[in-house]
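One structure is given here, and the rest of the page talks about it.
In this chain, residues are counted from 1 in sequence order. As the structure is a prediction and not an experimental result, all values here were calculated from the model.
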Amino acid sequence: MNTPLDKGAFKKRLATKEVTYGTFIGLASSLAVEIAAISGLDWVLLDLEHGAGGEEQVGPTVLAAGAYGITALVRVESKERIRIGRVLDAGVAGIMVPRIESASEVKEIVKHMSTPPFGDRGVATYNRSARWGKDLDFLNTPSSATCIIQIETLSALNSVDEIASVEGVDVLFVGPADLSFALEIPRDFKNPKFISALEKVVAACEKSGKVAGILAFSPEAAVEYKKLGFKFIAISGDSTFLASAITNALEIAKGEQ
């Protein structure tokens with residue numbers, strides 16, 4: 001039976017070290033997800049930390065992405081067990097967790113993704129992840145969902161080797177804006193201090209067999225990050241794409257380009 005559920009497919013894909021590309025969905029629109037999907041992206045990430053919508057958008061995002069055969073991921077607003085469990089119940093292929101400080105926090109996050117005896121995720125079967133009670137396989141193994149941990153604080157950067165070594169983590173994702181502020185070089189993404197931090201994250205991932213990810217604010221930046229060794233690359237976000245397209249169109253129409 002066709003299903004929007006991922007069943008660990010994206011986690012396995014990441015393990016091959018294939019470079020994948022996605023974008024952030026901040027407009028809380030399943031139509032934006034569809035447009036991103038037909039444009040050739042590998043995945044979309046619904047942003048519950050900074051985006052316009054809430055958890056009510058998770059289900060429509062999963063269905064819209066699944067209808068076009070791409071992966072639906074969610075950045076939760078916090079590392080709390082209930083927040084992680086809610087989006088997993090809705091059927092997402094993986095979660096991204098922001099504002100991490102230490103490996104001990106990451107170990108707790110990994111626990112929140114699996115049901116007992118593998119973790120402490122609440123057990124419920126009347127939801128999409130269980131195909132509304134028709135598929136209970138997820139109760140018998142550790143979670144097959146992708147776990148993405150953000151590296152955007154000095155504490156996380158200083159602990160990056162320990163964080164990368166945590167079993168169950170798939171991706172270490174650099175939040176470039178937050179990390180640049182933490183390094184006291186706000187939005188100076190060419191600064192040697194920033195590049196050195198990126199290299200440190202990539203090295204930690206390579207050492208532990210994890211994938212390095214990052215948000216690129218432009219396609220040109222995505223090219224450079226790929227050269228540095230990043231393999232999970234977000235290119236901008238839906239609202240930014242829309243704003244840029246309108247601005248460029250107006251400049252052309254007014255003869256300003």
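- The list of salt bridge (Lys or Arg N to Asp or Glu O under 4.0 Å) pairs with a residue in residues 134-161, not counting sequence neighbours, reads Lys7-Asp135.
- Annotation: salt bridge (charged side-chain N to carboxylate O under 4.0 Å, His left out) contacts of Lys231 (sequence neighbours excluded): none.
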List the atom pairs, donor and acceptor, that lie under 3.5 Å between side-chain atoms in residues 44-51 and the rest of the protein, sequence neighbours left out.
residue	atom	partner	partner atom	Å
Asp47	OD1	Glu49	N	2.9
Asp47	OD1	His50	N	3.2
Asp47	OD1	Arg75	NE	2.9
Asp47	OD1	Arg75	NH2	3.3
Asp47	OD2	Arg75	NH2	2.8
Glu49	OE1	Arg75	NE	3.3
Glu49	OE1	Arg75	NH1	3.3

Quiz: residues 85-98 side-chain donor-acceptor pairs under 3.5 angstrom, not counting sequence neighbours:
residue	atom	partner	partner atom	Å
Arg86	NE	Glu55	OE1	3.2
Asp89	OD1	Arg121	NH2	2.9

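- Listed by chain and residue number, Glu224 satisfy the salt bridge (charged side-chain N to carboxylate O under 4.0 Å, His left out) test with Lys227 (two or more places apart in sequence, or in another chain).
- Sorted by first and then second residue, the salt bridge (Lys or Arg N to Asp or Glu O under 4.0 Å) pairs involving residues 90-100 (not counting sequence neighbours) are Arg99-Asp178.
- Considering only residues two or more places apart in sequence or on other chains, Glu105 meets the salt bridge (charged side-chain N to carboxylate O under 4.0 Å, His left out) condition with Lys79.
- Sorted by first then second residue, the side chain to side chain donor-acceptor pair (under 3.5 Å) pairs that include residues 21-34, not counting sequence neighbours, are Glu34-Tyr68.
- Listed by chain and number, the residues in a salt bridge (charged side-chain N to carboxylate O under 4.0 Å, His left out) with Arg187 amount to none (sequence neighbours excluded).
- In the hydrophobic clustering, Tyr126 connects to no other residue, as no ILVMFWY side-chain heavy atoms lie under 4.5 Å from its own.
- By the ring pair (Phe, Tyr, Trp, His ring centres under 6.0 Å) test, Phe189 is found to be paired with Phe194, Phe217, residues two or more places apart in sequence or in another chain being considered.
- Annotation: side chain to side chain donor-acceptor pair (under 3.5 Å) contacts involving residues 196-216, sequence neighbours excluded, are absent.
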